[in-house]
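These notes concern the structure reproduced below.
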Protein chains: 2
Amino acid sequence: MTEGQAIADKTPRTERGRRTLRKLLEAAAQEFGTRGYHDAAITGITARAGVALGSFYTYFESKEAVFRALVKDMSHAVRSHVAEAVKDAPDRLTAERTGLAAFIAFTRKHPELYRIIEEAQFVAEDVYRQHYLTFVDGYRRNLSAARGRGEISEGPDELRAWMLIGMSVFLGMRYGIWEQDLSPDEVADETIRFISEGLAVR
Amino acid sequence: MTEGQAIADKTPRTERGRRTLRKLLEAAAQEFGTRGYHDAAITGITARAGVALGSFYTYFESKEAVFRALVKDMSHAVRSHVAEAVKDAPDRLTAERTGLAAFIAFTRKHPELYRIIEEAQFVAEDVYRQHYLTFVDGYRRNLSAARGRGEISEGPDELRAWMLIGMSVFLGMRYGIWEQDLSPDEVADETIRFISEGLAVR
DNA sequence: CCGAAACCTGAGTCAAGGTTCATGTTGAGG
DNA sequence: CCTCAACATGAACCTTGACTCAGGTTTCGG
């Protein structure tokens, strides 16, 4: 009757509270990122954060709740990181190249964050879907605009968005996380050649 | 000193044993596929298989062990399914189209199997890597041969393989599992246009 | 047929770890 | 300063579920 949220409002009201919440979120990112959802323990999170076990439940309903909050954070972080890198590209293909390079660089710098988003597929499917649906939506808009400006050929925006995202994710995994035998720029350059020209002989 | 395997050989020696093992593997695929690794229970597997809890440990060391065995199975199943569909394609681009359509059809028919392979990334990373490394290897070989025959343009085989696989996986997820608003053939047709011609205006 | 190996059974064991709670402590407004 | 809401603490609770084991039953070669 009186609370702002649906059930219980765990938003901190003082500066101290906000500080603790931030510590917990960072610790949770570490814990989930390195050990995975299953092996991650609340005591592991609170130990990293340097707070007592009980404090965790001052800020989160459950283990799954932190995870969900974290995925939303990471989702936003990745998208804004890429958006920032791309923001003043002269045309779509250049944007693709810098965006992909930025994405691979991101997975390389924060492999834990990448892992958390992907693991969400099996822990909190709805936020995982939301992440990619949002991503696709932006992508689609960009492709449509570029098509309007005559920068790229005609074709189905949504399907193209999914293809490009799938490529990026796997390239990020392979060349960002698994093995770094090519730099993000090298990967991006070769990829853009493919995206632009295709496989057909001309 | 006497066993064939490293520690304990759990291979069944009688027909009855092989039958039970098969039942357990099928039940495990169901259980892991629908509930995910974390929520899956050994009792769930044995109940589905119609055998006693203890029998499970006659055939597997642990929960993780079944899962690993299952991933290897599924990996082989997917690859042979696609290989079969592609086996007498006249050229590489046709092979790409039929292969993709077969892959999407597969994810649509066996969403649980697809899920198991992907979840392996977080449960048994080594077999997950092995799966894609094997996949890439075959792909690379095919691309190289096609390049030799002049069917496709010059370009880095391995990187192209990763791009194409990433695309397929995401298209399989989106159009095979999440929503089926396009048929596998429609998706494959549009995709092959992109793969072949690229985004550049000509 | 017989005996041993293979296989089956399910109640019981056990550790792990998520969640609760009763009891402090802190700090900002009055 | 005083007070109360916000926040902190960690021992204890309790469910869950992987795994063991002692005692059968089935199969199959000889």
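Numbers restart at 1 for each chain; the letters A, B, ... are given by sequence-line order, proteins then strands.
- Using a distance-only test at 3.5 Å, with no hydrogens or angles considered, a donor-acceptor pair links the side chain of B:Lys10 to the main chain of B:Tyr57.
- Each of B:Glu15 and B:Asp39 has a nearest nucleotide on DNA chain D; the 5'-most of these lies closest to B:Asp39.
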Begin with the C-alpha distance, continue with both residues' side-chain angles, and end with the deciding distance and a verdict on ring-ring contact (aromatic ring centres under 6.0 Å, His included) for B:Phe170 and A:Tyr132.
CA-CA 10 Å; B:Phe170 268 65; A:Tyr132 280 112; 5.2 Å; yes
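- For DNA chain D, the contact window with chain A, defined by any atom under 4.0 Å from a protein heavy atom, covers D:dA6 to D:dA11 in 5' to 3' order.
- Taking each heavy atom of A:Val71 and A:Ala120 in turn, the nearest pair found is CG2-CB, 3.8 Å.
- Taking atom CZ on B:Arg18 and atom C1' on C:dC7, their separation rounds to 13 Å, with Å as the unit.
- Across all strands, B:Ala40 comes closer than 4.0 Å only to sugar-phosphate atoms, never to a base (heavy-atom distances).
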Using the rule given for side-chain contact (heavy atoms from CB on, under 4.5 Å), can you reason through A:Glu158 versus A:Ser144, listing the C-alpha separation, both sets of side-chain angles and the distance that settles it, and then say yes or no?
CA-CA 9 Å; A:Glu158 180 172 0; A:Ser144 172; over 6 Å; no
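- Atom CZ in A:Arg13 sits roughly 14 Å away from atom P in C:dG29 (whole-Å rounding).
- By the 30° and 60° cut-offs, the orientation of the rings of A:Phe56 relative to A:Phe60 is tilted.
- Under the 4.0 Å criterion applied to side-chain N and carboxylate O atoms, B:Arg160 and B:Asp157 are not assigned as salt-bridge partners.
- Rounded to whole Å, atom C1' of C:dC7 lies 16 Å from atom CZ of B:Arg22.
- Between A:Lys63 atom NZ and C:dA16 atom P there is a gap of 14 Å when expressed in whole angstrom units.
- The distance between atom OH of A:Tyr37 and atom C1' of C:dG17, rounded to the nearest whole Å, is 12 Å.
- Note: B:Phe67 and B:Tyr37 meet the aromatic proximity criterion, with ring centroids under 6.0 Å apart.
- When the P atom of C:dG17 is taken as reference, atom CZ of A:Phe60 falls 20 Å away, rounded to whole Å.
- In this structure, the CD atom of A:Glu61 is 13 Å from the C1' atom of C:dT20, given to the nearest Å.
- When the side-chain nitrogen and oxygen atoms of B:Tyr59 are compared with OP1 and OP2 of C:dC8, one or more of them lie within a distance under 4.0 Å.
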Protein-nucleotides 10-12 of chain C N/O pairs closer than 3.5 Å?
| from | atom 1 | to | atom 2 | distance (Å) |
| --- | --- | --- | --- | --- |
| C:dG10 | N7 | B:Gly54 | N | 3.1 |

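- Across the protein-nucleic acid pair, A:Glu64 atom CD and C:dG17 atom C1' stand 16 Å apart, rounded to whole Å.
- Formation of a donor-acceptor pair under 3.5 Å by the B:Thr46 side chain with backbone atoms of B:Ile42 is found in this model.
- Proximity of B:Thr20 to the phosphate of C:dC8: a side-chain N or O atom is located under 4.0 Å from OP1 or OP2.
- Aromatic rings of B:Phe106 and B:His110 (six-membered ring for Trp) have centroids within the 6.0 Å cut-off, being under it.
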